[in-house]
Amino acid sequence: MAHLLLPLALSFLTTVSLSLPTTTNYWRSIRPNPFKFRTEKFTHFQFYWHDVQSGSNPTSITIVRQSPVNTSRPNGFGLVNMIDDPLTERPDINSKLIGRAQGMYGLASQEEIGLLMAMNFVFTTGRYNGSTLTVLGRNPVFQKVREMPVIGGSGLFRFARGYVHASTHNLNTTTGDAVVKYGVYVLHY
Ligand SMILES: *[C@@H]1O[C@H](CO)[C@@H](O)[C@H](O)[C@H]1NC(C)=O
Ligand SMILES: *[C@@H]1O[C@H](CO)[C@@H](O)[C@H](O)[C@H]1NC(C)=O
Ligand SMILES: *[C@@H]1O[C@H](CO)[C@@H](O)[C@H](O)[C@H]1NC(C)=O
C-alpha cells in the first residue's frame, strides 16, 4: 500500500512547493540551536569606575559644553562627556585593572544633576577578557544608589540582561573626578 501512496504524496508535495512564492525571506528560524545554550547563569560583579577629568591624561573629556546659544541652563543640562574610564578591583585607581568603561554620558535633566549614560564595560582580564556588557540608563548622580539596565553584551555575555547599582565612593567637587562603586547583576549563558 505504501509503495502506491508514496508517488502520490511526492506529486502532492511538488505541487505544493511549486505553488509557494519563490522569493526568499529576510529571516529564518535556526534549529537546532547552534549555541548549545546551557542553563542561564546569574553573575555578580563588583568593581570601581574612575572618572578622571583632571590632569594631563583625563579619561573623561567634555565634548559638548551645554547649549551653544545658552551656556547657563539649569543643572548643566546639555553637557556631554566621552569616557574611557578604568575599572579596578578596589577604590584605589592603582589596584588591579579589570577593564574599561567606554562610552559617554550627558546631563539630561533640568531638574537635577541627572545623567543619561551609554557605555560598554570592556573586560580585559580573567574569564571575561574580551567580552563586553552594555549599560544604558539614567543616573541621578547625587542619589545614594542609582540603578541602570544592562541591555546586552558580547562574547560570553551574548543575550545578557540585568542591571547595575552605582554608588559614589568619592567625588572631588573641585576637579569633578569621581570614583563610583558598581555592583553588576547579569543573566547570561
Ligand atoms: C538661559 O537659560 C536660563 C535658564 O533656563 C534662563 O534663565 C536664561 O534666560 C536663558 N538665557 C537666554 C539668553 O536665553
Ligand atoms: C586578554 O585578551 C587579549 C586578546 O586576546 C590578550 O592579548 C591578553 O593577553 C589577554 N589578557 C589577559 C590578562 O588574559
Ligand atoms: C581635589 O583635587 C585637588 C586637585 O588634585 C586636590 O588638591 C584636592 O585635595 C582634592 N580634594 C579632595 C576633597 O580630595
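Order of listing sets the numbers, starting from 1, for every ligand and every atom in it.
The heavy atom nearest to atom 6 (C) of ligand 3, out of those in Thr174, Asn172, Leu171, is found in Asn172.
The atoms of ligand 1 that sit less than 4.0 Å from any heavy atom of Pro74 are 4 (C), 5 (O). Distances below 4.0 Å separate heavy atoms of Thr124 from the following atoms of ligand 2: 11 (N), 12 (C), 13 (C). Each of the following atoms of ligand 2 lies closer than 4.0 Å to a heavy atom of Asn129: 1 (C), 2 (O), 3 (C), 8 (C), 10 (C), 11 (N), 12 (C), 14 (O). Which parts of ligand 1 touch Arg73 is read off a 4.0 Å heavy-atom cut-off, strictly below it: atoms 2 (O), 5 (O). Taking every heavy atom of Ser72 and a limit of under 4.0 angstrom, the matching atoms of ligand 1 come to 1 (C), 2 (O), 3 (C), 4 (C).
Aromatic rings from His50 and Tyr48 are positioned such that their centres are separated by 6.0 Å or more.
Atoms CG and CZ, on Leu107 and Arg73 in that order, are 12.0 Å from each other to the nearest 0.5 Å.
Nearest protein heavy-atom contact of atom 1 (C) of ligand 1 is Asn70 ND2, 1.4 Å.
Geometrically, ligand 3 and Thr175 share no nitrogen or oxygen pair separated by less than 3.5 Å. Considering backbone and side-chain atoms alike, Thr125 places every N or O at 3.5 Å or more from each N or O of ligand 2.
At a distance under 4.0 Å, a protein heavy atom can be found next to atom 14 (O) of ligand 2. Within a 4.0 Å radius of atom 8 (C) of ligand 3, the protein contributes one or more non-hydrogen atoms.
Ring-plane geometry between Phe157 and Phe123 is classed as tilted, the angle between the planes lying from 30 to 60 degrees on a 0 to 90 degree scale.
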### Task
Go through Val52 and Asp85 one step at a time and tell me if the side chain to side chain contact (heavy atoms under 4.5 Å, CB included) criterion holds.
CA-CA 7 Å; Val52 182; Asp85 285 344; 5.6 Å; no
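Contact between Ile93 and Thr88 at its shortest, heavy atoms only, is O-CG2, 3.6 Å. Residues Ala178 and Leu171 share a closest heavy-atom pair of CB-CD1, 3.9 Å.
Remark: the backbone N or O of Phe159 is not paired with any side-chain donor or acceptor of His188 at under 3.5 angstrom.
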